[in-house]
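Order of the sequence lines fixes the chain letters, A, B, ..., with proteins taken first and strands second; residue numbering starts at 1 for each chain.
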There are 2 protein chains.
Amino acid sequence: MQRSKILTALRHGGGHRTADDIFERVRAEDPHAGISRSTVYRTLETLMQMQLVSELPGAGTSTYEWTDRDAPHHHLVCRQCGAATEIEVPALTEIESEIRARTGFEPDIHHLGITGLCASCRS
Amino acid sequence: MQRSKILTALRHGGGHRTADDIFERVRAEDPHAGISRSTVYRTLETLMQMQLVSELPGAGTSTYEWTDRDAPHHHLVCRQCGAATEIEVPALTEIESEIRARTGFEPDIHHLGITGLCASCRS
DNA sequence: TTTCTTGCAAAGAGTTTGCATTCCA
DNA sequence: TGGAATGCAAACTCTTTGCAAGAAA
């Protein structure tokens with residue numbers, strides 16, 4: 001089963017991996033482990049349903065990352081260069097509760113994407 | 001110039017329109033106004049650079065909306081059904097300042113996408 | 001004329017699907 | 001054996017690009 005290989009690739013990949021990244025990474029770790037893109041996509045979908053992985057949609061390509069429940073964090077995604085950096089904003093956790101109470105919407109709080117312009121692109 | 005038509009379509013479309021939505025809408029409003037998808041995409045890019053329009057990346061397709069600076073709001077995007085609803089969370093504006101101060105990253109605060117599971121999909 | 005904008009058609013990129021095969025329980 | 005997982009190739013969708021024609025300055 002390729003599932004564990006994909007999950008491993010994601011955990012060791014440091015988050016924000018595209019499906020193609022994962023494909024290449026699994027293939028690199030074990031050249032004999034024939035793996036296909038279809039499997040990557042199908043497995044990612046399964047893992048997302050299991051809440052083990054979450055998706056950060058981006059223009060063009062989505063990135064995926066392992067959902068580490070013990071270390072919730074958020075993402076700053078630059079609209080110009082596409083770079084994604086992680087950030088911790090404790091206050092967002094409170095907002096999560098507020099949203100849930102007000103709307104019944106269950107936010108993936110460990111996976112909030114904030115779009116904007118990064119420091120480099122601003123200058 | 002099709003620019004104004006596209007902007008009009010976006011403002012009247014109530015936000016969260018895909019490029020294709022816009023294409024159809026412009027065409028519907030004026031069947032003689034030959035317009036092409038290329039123009040829609042090219043114009044949207046121009047409008048985004050002008051900060052008049054912002055993009056909310058989604059899995060598969062991005063949606064665009066008119067940037068109304070007087071009414072900042074945020075989006076709850078369901079990871080299952082894809083529905084996007086608007087919500088106002090004043091506290092997020094404070095967080096915006098915090099992020100800017102800490103990282104130099106300039107958030108598009110009127111355009112923050114929160115992924116999660118909507119009330120309908122949870123039940 | 002010179003430059004910018006547009007439409008069309010073709011190309012690209014990312015993702016999904018159909019189907020036959022293989023793997024386990 | 002029966003159901004789930006996989007690879008391959010083809011199909012699809014969304015988006016971008018090249019190029020020639022038209023509009024604007």
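- Here the C1' atom of nucleotide C:dT6 and the CD1 atom of B:Ile35 are 9 Å apart, to the nearest Å.
- Of all heavy-atom pairs between A:Arg25 and A:Ala9, the closest is CD-O, 3.5 Å.
- With DNA chain C read from its 5' end, the first of the two nearest nucleotides for A:Thr61 and A:Arg42 is the one closest to A:Thr61.
- Minimum heavy-atom separation, A:Phe23 to A:Ile35: CE1-O, 3.1 Å.
- Residue contacts shown for A:Arg3 are limited to sugar-phosphate atoms, with no base heavy atom under 4.0 Å away.
- One can place CD of A:Gln49 at 14 Å from P of D:dA4, the figure rounded to the nearest angstrom.
- Distance check: B:Ile6 CD1 to B:Leu47 CG gives 7.0 Å after rounding to the nearest 0.5 Å.
- Distance, A:Arg17 CZ to C:dT15 P: 15 Å, rounded to whole Å.
- The nearest whole Å value for the distance from the CG atom in A:Asp20 to the P atom in C:dG12 is 17 Å.
- The B:Tyr41 side chain lies nearest to D:dT16 when the options are D:dT16, D:dG7, C:dC8.
- Counting to the nearest Å, the P atom of D:dA5 and the CD1 atom of A:Ile6 are 12 Å from each other.
- What separates CG of B:Leu44 from P of D:dC14 is a distance of 15 Å, to the nearest Å.
- In this entry the distance linking NZ of A:Lys5 with P of D:dA5 reads 15 Å, nearest Å.
- Regarding A:Arg27, its CZ atom lies at a distance of 14 Å from the C1' atom of D:dT6, rounded to whole Å.
- In the set D:dT6, C:dT6, D:dA9, the nucleotide with an atom closest to the side chain of A:Thr39 is D:dT6.
- Set against D:dC8, D:dT15, C:dC8, the side chain of B:Arg37 has D:dT15 as its closest nucleotide.
- For D:dC14, the base has no donor-acceptor partner in the side chain of B:Thr18 [N/O atoms by modelled type, under 3.5 angstrom].
- Looking at A:Arg17 and A:Glu65, no side-chain N of the basic residue comes within less than 4.0 Å of a carboxylate O on the acidic one, giving no salt bridge.
- Looking at which nucleotide of DNA chain D each of A:Thr43 and B:Ser38 is closest to, the 5′-most match is held by A:Thr43.
- B:Ser62 contributes no side-chain N or O that forms a donor-acceptor pair with the base of D:dC14 under 3.5 Å.
- A 6.0 Å sphere centred on CD of B:Glu45 holds no more than 12 heavy atoms belonging to other residues, nucleotides or ligands.
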